[in-house]
Number of protein chains: 2
Amino acid sequence: MIEQPAPRSPTLEDVARVAGVSRSTVSRVINGVRNVDRELQETVRSAVAETGYVPNQAARSLVTKRTGSVALVVSEAEHRTFDDPFLGRVFTDPFFGRLVSGIFGELRPRRVNLMLMLTETDEARNQLVDYLRQGHVDGVMIISTHADDPLPRLLTESGLPAVLSRRPSRPMPISYVDADQQAGAALAAECLAARGCKRVATISGPMDMPASRERLDGFREAMARHGHAFIPSAEGNFTQESGERAVAELLAQYPDIDGLFAANDLMAQGALLALHDRGIAVPGRVAVVGFDDSSAAKACRPPLTTVHQPIEDMAAEMARLLLAHIEDRQLRATARIFEPTLVVRGSA
Amino acid sequence: MIEQPAPRSPTLEDVARVAGVSRSTVSRVINGVRNVDRELQETVRSAVAETGYVPNQAARSLVTKRTGSVALVVSEAEHRTFDDPFLGRVFTDPFFGRLVSGIFGELRPRRVNLMLMLTETDEARNQLVDYLRQGHVDGVMIISTHADDPLPRLLTESGLPAVLSRRPSRPMPISYVDADQQAGAALAAECLAARGCKRVATISGPMDMPASRERLDGFREAMARHGHAFIPSAEGNFTQESGERAVAELLAQYPDIDGLFAANDLMAQGALLALHDRGIAVPGRVAVVGFDDSSAAKACRPPLTTVHQPIEDMAAEMARLLLAHIEDRQLRATARIFEPTLVVRGSA
DNA sequence: ATGAAAGCGCTAACAG
DNA sequence: CTGTTAGCGCTTTCAT
């Protein structure tokens with residue numbers, strides 16, 4: 001047996017030699033350019049099969065300046081607290097899974113790949129921008145939760161195609177997708193008002209997140225329209241545990257609450273649990289409305305009446321927008337706002 | 001104002017010109033090779049800052065044959081059923097979030113990036129292998145749920161560094177991480193037996209998943225050791241709804257069950273709900289044990305006694321193993337088995 | 001310690 | 001319709 005030659009993987013050149021044509025012809029066949037003779041196409045194809053050729057992505061990117069990948073960046077504030085032990089709490093929220101699903105639905109058919117990135121510190125954010133500028137990806141979707149997150153601006157300035165998962169805190173030329181948070185919260189208010197609730201309270205999300213503020217404002221405004229001047233609130237952090245805690249606080253101050261709006265389903269679930277532990281009937285004594293219509297909503301007793309956000313659709317739209325920006329670098333910033341709807345189940 | 005030149009991003013050559021040195025010297029400084037004069041290093045560094053240079057990853061990969069990224073592939077069977085509407089059910093399982101967290105914890109400090117990929121069809125799997133062979137990533141972590149999944153073998157054959165998230169169904173030279181499923185299930189059995197449960201049943205996962213089988217076998221064997229010859233089981237699909245359904249089936253046939261082991265927490269949660277709806281006290285009349293110790297376990301009433309798997313640790317180990325294989329292509333296949341523990345809460 | 005030069009594997013003008 | 005050629009931006013011998 002003779003020593004094998006180095007197991008170098010086949011290149012275009014190798015295929016060309018086997019097919020008896022030039023490198024460019026092989027390249028044309030592979031990239032589906034029409035101007036190639038039928039017969040030659042076949043010859044080339046079998047040469048490809050014979051050699052087991054696959055194109056080298058690095059070489060290709062080097063000349064096309066395209067990678068065929070986009071990034072999904074989850075940008076969080078750096079806050080590791082007692083109830084927030086590990087990095088990337090987002091990942092464990094059912095919200096995230098739906099988001100990824102929606103994105104994949106759009107990306108996969110186009111054979112675009114997804115890079116998942118997480119930044120929690122300013123240092124990481126700066127590194128990230130550098131990294132992205134190295135041309136690892138063609139564009140970025142940013143899931144940014146905090147109002148003062150510098151990342152949207154950094155990326156806008158970098159000139160890389162980017163789409164944001166919410167309205168930017170300050171006006172900037174970046175495309176984004178969002179749900180009408182205020183309208184959604186108003187839906188919850190209408191529901192509670194329609195039931196005749198008189199003493200309504202709310203569990204808000206962290207006040208440094210725009211979505212939390214908007215839901216709180218939207219809820220209060222809508223309740224005000226129904227004559228409720230004051231709506232007490234307790235702040236949670238979108239986890240189930242924080243929902244339990246918040247209810248405890250609220251009940252301590254206002255024991256006769258008869259309606260409750262939680263800014264997401266996980267907290268609403270926590271609220272339901274806490275209410276149940278205290279023997280308070282839902283919706284009999286307290287009606288509860290959540291937000292998100294996540295999987296948690298159906299896992300509750302009673303099942304949660306909640307505000308539905310079309311997360312998958314929003315995520316898909318985010319992906320489409322990004323792809324459009326990559327295709328046309330001149331495309332101007334666009335906003336897509338989705339309307340939430342109320343899903344009535346058992347809790348209100 | 002004169003027309004600006006094309007806004008081409010700076011290259012090594014540009015930096016070299018500004019610094020008054022050669023391209024190679026700049027390259028050396030950037031890649032931290034020692035043999036460079038102190039002063040020159042400074043000159044180069046400021047030239048880099050001045051020009052705003054960032055290395056081009058494609059060019060670099062082309063010569064180094066490294067990308068600095070690894071892939072996390074989620075390989076699922078193609079089964080879209082009525083209760084399984086969208087792709088990637090895995091993503092919405094709290095399990096997945098913990099996995100990603102654990103992986104990131106290991107990858108981030110080393111500045112390795114994560115590509116997320118999903119394959120549900122055989123076609124997609126073949127495409128995937130081609131894609132990976134194009135050199136998009138340096139290695140692959142495979143989350144494969146189904147016993148007959150061809151992907152582990154395909155990737156093993158491709159020669160790409162790869163690590164599997166469970167023991168391979170058939171022996172093959174691939175590194176993997178797993179929890180001792182049988183031992184975990186046995187823990188659940190001991191717990192139920194110790195409580196004095198006499199009529200015990202179990203909700204299994206899909207029988208085409210090795211983990212489901214192993215948990216079922218482990219549970220039955222351990223119960224047999226305690227004198228229980230027959231353990232009825234109903235098959236679920238790891239979702240909460242399927243847990244509810246399974247309990248209904250079980251109860252219809254065996255109304256006097258007093259102990260229940262569910263193969264994951266989501267199904268256990270469903271079981272708790274179904275039991276509650278029927279006015280059956282837990283753990284009073286039926287003791288329930290879950291598996292995973294996921295976030296769902298604490299969101300139940302009563303909170304779930306469950307078998308803890310150190311998912312984050314396992315995921316971190318998976319990442320470490322992969323990195324080791326990338327570093328040393330000769331490294332032989334290694335297995336790491338983690339021991340589950342029982343977490344006693346309220347349900348048993 | 002530094003520079004010159006040779007590619008890495010591919011695409012895209014440009015000729016023919 | 002096909003082949004030739006010139007790079008893409010970087011790392012890495014090899015000289016010096």
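Order of the sequence lines sets the chain letters (A, B, ...), proteins ahead of strands, with each chain counted from 1. These numbers were taken from a predicted model, which means no experiment stands behind them.
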Which nucleotide, [options], lies nearest any side-chain atom of [X]?
X       : options               : answer
B:Leu40 : D:dG9, D:dT2, C:dT2   : C:dT2
B:Arg60 : D:dC10, C:dG9, C:dA1  : D:dC10
B:Arg28 : D:dG7, C:dG3, C:dC14  : C:dG3
B:Thr64 : D:dG3, C:dC10, D:dT12 : D:dT12
B:Thr11 : C:dT11, C:dA5, D:dG9  : D:dG9
A:Val63 : C:dC10, D:dG3, C:dA1  : C:dC10

Using a cut-off of 4.0 Å on non-hydrogen atoms, how would the nucleic acid contact of B:Ser24 be classed: base, sugar-phosphate, or nothing?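 Base, at least one base heavy atom under 4.0 Å.
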Provide, to the nearest angstrom, the distance between the [atom1] atom belonging to [X] and the [atom2] atom belonging to [N].
X        : N      : atom1 : atom2 : answer
A:Arg38  : D:dT2  : CZ    : C1'   : 17 Å
A:Leu62  : D:dG7  : CG    : P     : 14 Å
A:His136 : D:dC10 : NE2   : C1'   : 14 Å
A:Gln57  : C:dC8  : CD    : C1'   : 15 Å
A:Arg133 : D:dG9  : CZ    : C1'   : 15 Å
B:Ile30  : D:dT11 : CD1   : P     : 7 Å
A:Leu12  : D:dT2  : CG    : P     : 16 Å
B:Arg23  : D:dG9  : CZ    : P     : 11 Å

Under 4.0 Å between a side-chain N or O of B:Asn56 and OP1 or OP2 of D:dC8?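 Checking D:dC8 against B:Asn56, no side-chain N or O comes under 4.0 Å of OP1 or OP2.
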Is B:Thr25 near enough to C:dG3 that one of its side-chain N or O atoms lies under 4.0 angstrom from OP1 or OP2?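 Checking B:Thr25 against C:dG3: at least one side-chain N or O falls below 4.0 Å of OP1 or OP2.
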Reading DNA chain C from 5' onward, which residue's closest nucleotide shows up sooner: B:Lys65 or B:Ser22?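 It is B:Ser22, whose closest nucleotide lies nearer the 5' terminus.
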Charged N to carboxylate O under 4.0 angstrom, A:Arg108 versus B:Glu120?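 A salt bridge links A:Arg108 with B:Glu120.
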Is the shortest side-chain N to carboxylate O distance from B:Arg110 to B:Glu327 below 4.0 Å?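 Not counted as a salt bridge, because no side-chain N and carboxylate O are separated by less than 4.0 Å.
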Run the numbers on B:His325 and B:Ser175 for side-chain hydrogen bond (donor to acceptor under 3.5 Å, both in side chains), then give the verdict. CA-CA 9 Å; B:His325 275 287; B:Ser175 284; 2.6 Å; yes
Candidate list B:Val44, B:Leu40, B:Val21, B:Val36, test side chain to side chain contact (heavy atoms under 4.5 Å, CB included), partner B:Arg28, passing option: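 For B:Arg28, the side chain to side chain contact (heavy atoms under 4.5 Å, CB included) check succeeds only for B:Val36.
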With distance as the sole test, does A:Thr51 use its side chain to make a donor-acceptor pair with the main-chain N or O of A:Ala49 at under 3.5 Å?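 Looks like no, no N/O pair under 3.5 Å.
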